[in-house]
Structures are given as structure tokens and as C-alpha cells.
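Counting starts at 1 for both ligands and their atoms, following the listed order.
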Amino acid sequence: MTSARRTRYNFALQRAVELSLELEKPLVILEAVRVDYPHASDRLHTFLIEGMRDNERACASSAAAYYPYLERQPGEGRGLLARLSRHAAVVITDWFPEFFLPRMLAAATSQSAVRLEAVDSNGLIPVAEHGRAFPTARGYRALVQRTLRDHLAAFPLEEPLALLEAAGASVPDDVAKRWPRTALDRAVPEIVRSLPVDHSVPAVPTHGGSRPAGRVLRDFLANKLARYADQGNDPDMDCTSRLSPYLHFGHISAHEIFAAVMTHERWTFRKVGKVRAGSRDGWWNVSPGANQFLDQLTVWRELAFNGSTWTPDHHSYGALPAWARATLESHLDDPRTRLYSLAELDAAQTGDVVWNAAQNELRDTGWCHGYMRMVWGKKILEWCRDPADALDRMAALMNRYSLDGRDPVSYLNYAWVLGRYDRPWFERPIVGTVRYMTSESARRKLKMKTYLERFGRQ
Ligand SMILES: Cc1cc2nc3c(=O)[nH]c(=O)nc-3n(C[C@H](O)[C@H](O)[C@H](O)COP(=O)(O)OP(=O)(O)OC[C@H]3O[C@@H](n4cnc5c(N)ncnc54)[C@H](O)[C@@H]3O)c2cc1C
């Protein structure tokens, strides 16, 4: 388990269960966490470990052996998978196109002594089937509208582990001896304190794991979805789902969220309307809140996986559309109002109280409101002499502090700030025709009084 870190609605786990039954072999579920991945901190490790505890609990009542392993020193886990694979008939793992995971998968593939399969359990439409990069959300939406029906017919099982019959799975002795399973029943802060991770980014009160993820989803459906279309942009109204950390760590599946929203909406495929291919409205025929939410979950989020997979060098400035690079470069010599250092940005020490509030929310809570992230990114662009630096700065800050950072969705949005997946707007200083957003207009348009009181310190 490397990215779909859950026991429910998980295609990779389901595949492993199928093979276990077919080959009549026991199933061992290894969930290992390195200690030296970029941005490893108390915050990220705590969230991961809380998720592992949920998985341990969920596996305890199944016939599978759950094997949690936390590295205590860099490189300590090296060789674990290779050795384990010598005892195995087959290895199944997750497929995820971002962060260090593609490199880790390549290494695992070359080290595994047996067949290794990587399964895409990220979204409703497997990324391999996209066939190409989609430069616009409209184009990707048209693909969803054309193909989703078939994919819904192949929904993952809610509880794949329930299919396993015989117990008796265990971690082979030689493996368990060299890489002892981590005892997760100690207090999480105690576990994390002993690890060489960045202790300056503290844990936050948002708890990781599939159980909290389920509670967050139920709260969203009961209390927020109906307001999502009208008030989703207002930080004070707090009515977005806050599911992004759970999606990022795979503690909840897009399928589960989709099924819950659609059950709530009493939707069946018969409701689908006839619209021009790629139109946002009139296709799902659900409530306005659900319509907007589904567009984020099934179009924008999955477009991000498309971009991370199908666009070569997608992190780079060079991957922006030609019009965006041309317009930004034609304004390289425009005077900037301010140029802040990364350290000043990190410490939320700018003269812009709205921006500082967004950065403080990130630092304090490990999450940031969606509309505030847009303003946050646009101001970083304005405060950089070179637009390519803006991409690096967004990644440095968001990936460090946000639980949901380091995700395909992160990189889609850093690039969106610089014009990717968008169209040219009106000519302005510094940003040219790239969409322009200001803290002043956000403050005028949105309800954010309480938000600024809480986070807007200078
Ligand atoms: C500069 C910038 C940086 C961002 N960095 C990240 C990041 O690191 N990680 C991250 O998950 N999101 C990021 N976003 C996208 C978005 O702001 C968050 O996904 C959203 O605010 C998460 O809150 P939520 O779960 O309540 O979202 P909801 O509004 O409830 O949306 C539900 C889900 O849809 C997806 N989604 C929502 N907005 C977008 C979007 N704009 N693009 C793609 N998918 C979307 C997410 O998976 C989200 O969890 C960023 C946006 C900007 C402008």
C-alpha cells in the first residue's frame, strides 16, 4: 500500500484478494513509510500513522496479515520488498503518478523477484485509458461524459477483504526479524518524536485515517453540500468538503465519495441530460451543489492525474501553454510592487493581510480554503521577478505545509496560476493576459471577516 492507503473501495487491494483466492495463497498487506521523503515532518507522518492504525484495525477482523513498517533511519527499509517478494507468488501495488512514487515503483519493479502489478485506484476513469494529455477541463469533461457509464459498471468492492476465506497469513520470519513490524499502539506523538523528520512542522488537529475520512464525508453531505454552490467560495461559510487530505493519502476513495453523493442525490445514470460535449451544466442533473462538487471531484481532480501522467515534464515552466509563456515573458521587465523572499512568504510576513491569512491557515492547520489558494498563488506570481520561480515557491510552501500537497492536484493548480488549463483574459502589468486576482477584490466579494480575525495576523 503506497498511495491507496485504505481497505475499502480499493482496486489494488481487490486485485490482491482475487489473486489470493485464485492461487490459494495468503495475503500480506505491507504498508511501509520511508523517513526521508521530501517534506517528511511531524505533520505528514502523524497523518500517515493515524491512517495506518485504521488499516490495522480494519485488517484485524480479516484473513489478511497487515504489516506496518515505519523506517526509523533513512534507508532502513531498503531491501524489504525484494526479500518479501522472494516468499510471494505475486506483488500488487498502487499506481500513483506524482511525488517520489513513480521512482519508487520503478525500483520495486526491478527488485521484485516475482511478477509485480501496479493498479490505478485513483479515480473513476483509469488514467491509462485517457490516451493523451487534455489541455482543457472542457475536453476532459467531454471524455467523462462519453465514457463514465462503462466505468461505473466496474465499481470497486466496498470491502474486498471480506472475500478472503482462510486465515493464516503471516510475515515470513526472516523478513520480520530484519524489518520488525512497527507497533502502532503507542501514542503517535511519541512515535513521531523519535523519528528524524522535520519537527518544525507540527502535527495538526485534523486526524488521518479512513474512519475520520468517513466522518468528514458524512458531515459534508449532511451540512455543507446544499450550500456548496452558493457559499463554497466564502471562507467564513466553511462549506467545502475538506476531503482533500484524505484523497491525497488514499484514506478515502473517489468512488466512495461519488457513490455517497449520488445516493444522497438519488441519482441514477438515467438522469444524465443531453448537452453539448464538455458543458458543465445540465449533464448530471443533480442539485447545484452536487453539480459543482462533482465537477471538482470527477473533472478537475482527474484532469490533474491526466496532466501528471501524460504531459512530459509537467512540473516545469516549459509545460505551460505557449500563449501563457509569451505573455508572462513580455512583462518580465515590468516593475513589481514588492519582491518577497521565500523566508518572508513562509513566515506570512507580507504587507497583504489576506495573503498572510491564507499562508497562516496553511501553516497552522495543514489545509487552506480553495478560493484563498487561488489568491495566494496569484499574488506569489505577482511578487516574483521570474514566473518560473513562482512555480517553485508555490510547491515549496504548499508541499511543505499542506496535508494535501505533493499531489497531482497540487501541480495542476500551481500551473493553473500561470495560465495552464485557462484562457487569456485582459492585459495587465506583470501577468499580461494571465487571469488576474487580487486580495482587495476577494475581500470585497467574499465573507471572510471571521477568517481574517483568526488567521489575518501580520
Ligand atoms: C495555488 C493552488 C494550490 C493548490 N494546491 C492543492 C494541493 O496541494 N492539493 C490539493 O488537493 N488541492 C490543491 N488545490 C486545489 C483546491 O484548492 C483544493 O483541492 C481544495 O481547496 C481542497 O479542499 P476541499 O477538499 O474542501 O475541496 P472541495 O471543494 O470539497 O472539492 C472536492 C475535491 O475536488 C478536488 N478539487 C477541488 N478543487 C480542485 C481544483 N481546483 N483542481 C483540482 N481538483 C480540485 C479535490 O480533490 C477536492 O478535495 C490548489 C489550488 C490552488 C489555486
Side-chain angles (χ1 to χ4, degrees), residues 3 39 44 96 98-99 122-124 134 136-137 140-141 144 206 213 216-217 219-221 223-225 227-235 237-258 260-261 289-308 315 345 355 358-359 361-362 365-382 390-422 434-435 437 442:
S3 60
H39 305 290
L44 302 186
F96 187 81
E98 200 51 80
F99 204 34
N122 297 302
L124 298 183
F134 283 85
T136 64
Y140 186 73
R141 196 177 292 114
V144 174
T206 304
V216 169
L217 174 60
D219 176 48
F220 175 61
L221 296 176
N223 304 313
K224 299 175 173 181
L225 180 61
R227 299 183 287 125
Y228 185 84
D230 289 340
Q231 301 173 353
N233 284 343
D234 293 312
M237 303 318 288
D238 184 23
C239 62
T240 70
S241 70
R242 292 178 178 260
L243 283 164
S244 54
Y246 302 103
L247 280 164
H248 171 68
F249 284 103
H251 291 166
I252 198 165
S253 133
H255 288 89
E256 176 162 13
I257 300 171
F258 178 83
V261 170
N291 190 58
Q292 209 158 305
F293 178 78
L294 289 169
D295 203 55
Q296 301 295 358
L297 183 76
T298 68
V299 176
W300 282 97
R301 176 172 179 272
E302 299 203 7
L303 179 62
F305 283 82
N306 175 271
S308 290
H315 288 174
L345 295 176
W355 193 91
Q359 174 67 11
E361 184 182 25
L362 266 187
T365 73
W367 182 85
C368 179
H369 187 275
Y371 197 95
M372 299 304 293
R373 292 196 213 213
M374 294 197 252
V375 179
W376 176 91
K378 291 289 184 183
K379 294 306 291 184
I380 292 179
L381 173 60
E382 231 180 285
L391 286 176
D392 293 344
R393 285 176 171 206
M394 283 186 272
L397 298 170
M398 190 67 72
N399 290 356
R400 176 166 198 225
Y401 290 113
S402 198
L403 290 167
D404 62 24
R406 310 155 310 282
D407 194 85
V409 175
S410 320
Y411 289 95
L412 172 140
N413 280 283
Y414 308 150
W416 174 87
V417 167
L418 275 71
R420 191 159 173 217
Y421 301 110
D422 207 354
V434 167
R435 185 194 294 251
M437 291 175 81

Is there any N or O on Phe293 that sits under 3.5 Å from an N or O of ligand 1?
no

Atom indices of ligand 1, in the order listed, that fall short of 4.0 Å to a heavy atom of Leu297:
34 (O)

Classify the ring geometry of Phe96 against Phe305: parallel below 30°, tilted from 30° to 60°, perpendicular beyond 60°.
perpendicular

Can you report which non-hydrogen protein atom sits closest to atom 1 (C) of ligand 1, along with the distance?
Arg373 O, 3.4 Å

What is the distance from atom CE of Met372 to atom CH2 of Trp367, rounded to the nearest 0.5 Å?
10.5 Å

Please identify which atoms of ligand 1 are closer than 4.0 Å to at least one heavy atom of Leu247.
47 (O), 49 (O)

Selected option - heavy-atom contact closest to atom 14 (N) of ligand 1, from Ile380, Leu397, Asn413
Asn413

Distance, nearest 0.5 Å, that separates OG of Ser308 from CG of Asp407:
7.5 Å

Heavy atoms, side chains only, cut-off 4.5 Å: are Tyr411 and Leu391 in contact?
no

Would you say the side-chain atoms of Arg373 pair up with the backbone N or O of Cys368, donor to acceptor, closer than 3.5 Å?
yes

Could you see which bit of Met398 sits under 4.0 Å from ligand 1, with heavy atoms only: side chain, backbone, both or neither?
side chain

Examine Gln296 against ligand 1 and note whether any of their N/O atoms are separated by less than 3.5 Å.
yes

Whether Gly405 lies under 4.0 Å from ligand 1, heavy atom:
yes

With heavy-atom distances below 4.5 Å as the criterion, would you say the side chains of Val144 and Glu302 are in contact?
no

Starting at CG of Asn233, measure out to OH of Tyr371 and round the result to the nearest 0.5 Å.
6.5 Å

Do any N or O atoms from the side chain of Trp376 and from the backbone of Trp355 form a donor-acceptor pair under 3.5 angstrom?
no

Ser410-ligand 1 polar pair, N/O distance under 3.5 Å:
yes

Point-to-point distance, once rounded to the nearest 0.5 Å, from CG of Asp422 to CZ of Arg435:
4.0 Å

Please write down residue, atom name and distance for the protein heavy atom closest to atom 24 (P) of ligand 1.
Arg242 N, 3.5 Å

Atom 30 (O) of ligand 1 sits nearest the protein heavy atom Ser241 OG, 2.6 Å

A student checking ligand 1 against Gly370 at a 4.0 Å heavy-atom cut-off should list atoms 17 (O), 21 (O)

Check ligand 1 against Trp367 and write out every atom of the ligand that is under 4.0 Å from a heavy-atom position of the residue.
22 (C), 23 (O), 26 (O)

For the backbone of Thr206 and the side chain of Arg242, can you confirm whether one donor and one acceptor N or O come within less than 3.5 Å of each other?
no

Near Ser244 (heavy-atom distance under 4.0 Å), the atoms of ligand 1 are 11 (O), 22 (C), 23 (O), 25 (O), 49 (O)

For the backbone of Leu294 and the side chain of Thr298, can you confirm whether one donor and one acceptor N or O come within less than 3.5 Å of each other?
yes

Where's the contact between Asn399 and ligand 1, heavy-atom distance under 4.0 Å: side chain, backbone, both or neither?
neither

In ligand 1, which numbered atoms sit nearer than 4.0 Å to a non-hydrogen atom of Leu243?
25 (O)

If you scan protein heavy atoms around atom 19 (O) of ligand 1, the nearest is Val409 CG1, 4.1 Å

Note: ligand 1 atoms sitting under 4.0 Å from heavy atoms of Trp300 are 42 (N), 43 (C), 44 (N)

Would Tyr228 count as a polar contact of ligand 1, with the cut-off being nitrogen or oxygen pairs under 3.5 Å?
yes

Quick one: which ligand 1 atoms are inside 4.0 Å of a heavy atom on Met374?
53 (C)

Could you give the distance from OH (Tyr414) to CG (Asn399), rounded to the nearest 0.5 Å?
3.5 Å

